Every structure is written in C-alpha cells, then in structure tokens.
A.B. asks: 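Before anything else, here's the structure in question.
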Amino acid sequence: DPQGESAMYLKALVDHRVFYEKEIDTSSMKEILKEAIVAEKDAIVFYLGMKDMVSDASGKAKIDAIIKEEMGHVRLLSKELVKLKQ
C-alpha cells in the first residue's frame, strides 16, 4: 500500500463512523439497543480493515478474537431487541 490508502480508510472510519460522539435517542430501550448494534457493527468493520494491515506475527489472531467478541455483542444485543419486540 505505497500510497497509504489502508491507513486513510481506517482514519476515515475512526473519524466518521466508529469512535466519534453520536447523538443517541435514549427515550426507549429499543432505540438504545439499535444504536448499540450499529456501534458494534461499525467496530467490526473497523477491525476487519485493521486486520488487513497486521501481519500474523504482529497479532492478526488477536484481531480475529476481537472481531469474534464484537460479533458476540451483536448477537446478544439482537436477542435483547427481539425480546422487547415480543
């Protein structure tokens, strides 16, 4: 990546999708759970992008573990959202 496009992609994600101050509707648990799911999905996209930049020796397996953990969060939050809809 001689032009640093991967790093620019990650910076754009960080600045505009993953780690920025968000306006969250806290009027209902349903809306809070929806926003939490979006945040977890954004984090997964960030870590997937980061994974391409990390060598096996530098800890690619650790990033895979983080991604799996984030996916578990999405499943947990989704289950709670389904419970609220019932």
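The first residue in the sequence is number 1, and the count goes up from there. Side chains are part of it too, since the values below use all heavy atoms of this structure and drop only hydrogens, waters and symmetry mates. Quick caveat, the model's predicted, so the values are computed rather than measured.
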A.B. asks: Which atom pairs, donor and acceptor, lie under 3.5 Å between side-chain atoms of residues 64-73 and protein residues at least two apart or in another chain?
C.D. replies:
{"unit_1": "Asp64", "atom_1": "OD1", "unit_2": "Lys51", "atom_2": "NZ", "d": "2.7"}
{"unit_1": "His73", "atom_1": "ND1", "unit_2": "Glu40", "atom_2": "OE1", "d": "3.2"}
{"unit_1": "His73", "atom_1": "ND1", "unit_2": "Glu40", "atom_2": "OE2", "d": "3.4"}

A.B. asks: Find the distance between OG1 (Thr26) and CD (Glu31) and round it off to the nearest 0.5 Å.
C.D. replies: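 With rounding to 0.5 Å, OG1 (Thr26) is 10.5 Å from CD (Glu31).
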A.B. asks: Name all residues meeting the side-chain contact (heavy atoms from CB on, under 4.5 Å) criterion together with Leu81; count only those two or more places apart in sequence or in a different chain, and write none if there are none.
C.D. replies: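 For Leu81, the residues satisfying side-chain contact (heavy atoms from CB on, under 4.5 Å) (neighbours in sequence not counted) are Lys30, Leu33, Lys34, Ile37, Lys85.
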A.B. asks: Measuring from Leu84:CG to Ser28:OG, what's the distance to the nearest 0.5 Å?
C.D. replies: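 The OG atom of Ser28 is 8.5 Å from CG of Leu84, to the nearest 0.5 Å.
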A.B. asks: Please determine whether residues Leu48 and Met50 belong to a single hydrophobic cluster, defined as Ile, Leu, Val, Met, Phe, Trp and Tyr linked transitively by side-chain heavy-atom distances below 4.5 Å.
C.D. replies: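 Hydrophobic grouping puts Leu48 with Met50.
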A.B. asks: Determine whether Ile63 and Val45 fall in the same hydrophobic cluster, where Ile, Leu, Val, Met, Phe, Trp and Tyr are linked whenever their side-chain heavy atoms lie under 4.5 Å apart.
C.D. replies: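 Yes; tracing contacts between hydrophobic side chains, which count when under 4.5 Å, links both residues.
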A.B. asks: Quick one: side-chain contact (heavy atoms from CB on, under 4.5 Å) partners of Ser58, sequence neighbours excluded?
C.D. replies: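 Partners of Ser58 by the side-chain contact (heavy atoms from CB on, under 4.5 Å) criterion, ordered by chain and then number, come out as Val54, Ser55.
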A.B. asks: Is atom NZ of Lys60 surrounded by more than 12 heavy atoms (other residues, nucleotides or ligands) closer than 6.0 Å?
C.D. replies: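 Yes, enclosed.
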